[in-house]
There are 2 protein chains.
Amino acid sequence: MTETVSAQRVEDFLCFSLYAASHAFNRLYQPLLEPLGLTYPQYLVLTVLWAEDGLLVGQIGEKLALVSSTLTPLLKRLEGAGLVARTRDRQDERQVRVTLTEAGHAMRDRAAGIPACVLSATGLSLEKLLRLKDEIDALRHMVEQHKDNAGP
Amino acid sequence: MTETVSAQRVEDFLCFSLYAASHAFNRLYQPLLEPLGLTYPQYLVLTVLWAEDGLLVGQIGEKLALVSSTLTPLLKRLEGAGLVARTRDRQDERQVRVTLTEAGHAMRDRAAGIPACVLSATGLSLEKLLRLKDEIDALRHMVEQHKDNAGP
DNA sequence: TCTTTTTATATCGTGCACAATATAATCGCT
DNA sequence: AGCGATTATATTGTGCACGATATAAAAAGA
């Protein structure tokens with residue numbers, strides 16, 4: 001049977017592959033993060049802060065490509081869990097600075113083994129993984145650029 | 001400055017690239033689907049049914065790697081929008097069969113131009129796109145297999 | 001100095017995504 | 001024939017993800 005172009009299958013969509021792969025990784029992380037009381041997006045935020053503490057909400061948003069309506073509730077939950085502190089910037093009170101607490105710093109050690117677990121699950125060499133990552137990043141930048149240029 | 005392995009940046013994570021790229025595509029689709037009254041996951045379900053009408057909820061779940069707690073509310077919204085009908089299977093009443101309505105079939109024509117728009121936004125040739133897709137699919141299957149084998 | 005514009009974050013509402021649990025139907029075994 | 005195990009979907013609760021909107025602070029212009 002011949003598939004016409006209009007009978008395109010969902011499996012043929014690159015965006016579906018990304019969507020499904022992203023969820024598969026989320027499900028892979030869940031048992032690793034659950035003992036730490038973290039979700040995957042919370043883990044991403046902490047990873048950003050472990051690399052550079054004291055970022056503004058907007059800066060975290062830029063690094064993770066997330067809007068404030070996603071970040072503010074997420075950061076409040078991390079604050080409630082005692083892992084970060086949120087304070088208004090003294091010089092510009094529109095901006096909120098996010099700093100790690102001692103527990104937030106300590107969480108880094110507890111989460112240290114996660115990347116190796118995840119890498120091992122992919123079955124990829126580090127070289128191949130980085131190459132695939134770069135291609136996906138390039139694709140994402142093309143897509144984001146297209147969206148920005150598609151003004152009214 | 002040398003980055004130690006423990007100072008790993010979130011940008012270095014393949015899973016973050018997938019996560020961010022998936023969301024970027026979601027944002028790319030949104031203005032294309034919004035006029036049709038559809039969300040991206042709803043569009044995925046319809047795509048599956050356009051290719052093969054009358055699937056069971058479980059079969060849709062397998063094709064999209066989604067659990068029934070995600071699908072049931074989503075299908076109910078599509079049913080409420082008049083695009084699909086859900087009926088219990090006569091032979092096995094545990095199973096729910098999902099069929100397209102006339103409006104659901106007609107939606108296919110309305111959505112016909114979307115794949116081309118999305119493809120053009122990626123800036124990729126069809127050949128490169130398919131190759132990248134296959135690599136991501138292989139990765140997802142590795143990850144899903146790892147998760148299945150990591151039993152108690 | 002005052003007003004308008006811009007910027008940063010917060011809130012609200014909606015739609016997922018999934019684990020845990022519930023309900024109902026089918027199957028297999030005795 | 002009855003009971004326990006299994007299967008399929010539904011419900012509940014929680015955490016995002018994002019568009020629309022609101023609030024407050026800073027910047028720019030008159």
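Every value quoted in this text rests on a predicted model; they were computed, and no experiment measured them. In what follows, chains are A, B, ... by sequence order, proteins preceding strands, each numbered from 1.
Proximity of residues 19-38 of chain A to DNA chain C (heavy atom under 4.0 angstrom from any strand atom) is restricted to A/Tyr19, A/His23, A/Arg27.
For A/Tyr29, the ring-ring contact (aromatic ring centres under 6.0 Å, His included) test picks out A/Tyr40, A/Tyr43, with sequence neighbours left out. For A/Arg140, the side chain to side chain donor-acceptor pair (under 3.5 Å) criterion is met by A/Glu144, not counting sequence neighbours. In terms of the side chain to side chain donor-acceptor pair (under 3.5 Å) criterion, residue partners of B/Glu79 (sequence neighbours excluded) are, by chain and number, B/Arg86. Among residues two or more places apart in sequence or in another chain, the side chain to side chain donor-acceptor pair (under 3.5 Å) test is passed with B/Arg131 by B/Glu135.
Here the side chains of A/Val98 and A/Leu56 are not in contact, with every heavy-atom distance at 4.5 Å or above.
In this structure, CG of A/Leu64 is placed 16 Å from C1' of D/dG15, rounded to the nearest angstrom. Summarising the geometry, the separation between OH on B/Tyr40 and P on D/dC18 is reported as 14 Å, rounded to the nearest angstrom. Atom pair B/Gln91:CD and C/dA24:P shows a separation of 22 Å (rounding to whole Å applied).
At distances below 3.5 Å, not a single donor-acceptor pair connects side-chain atoms of A/Glu52 with backbone N or O atoms of A/Leu49. Formation of a donor-acceptor pair under 3.5 Å by the B/Arg97 side chain with backbone atoms of B/Gly54 is found in this model. Formation of a donor-acceptor pair under 3.5 Å by the B/His146 side chain with backbone atoms of B/Met142 is not found in this model.
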Going 5' to 3' through nucleotides 8-15 of chain C, assign each nucleotide B (protein heavy atom under 4.0 Å from a base atom), S (under 4.0 Å only from sugar-phosphate atoms) or - (no protein heavy atom that close). SBBBB--S
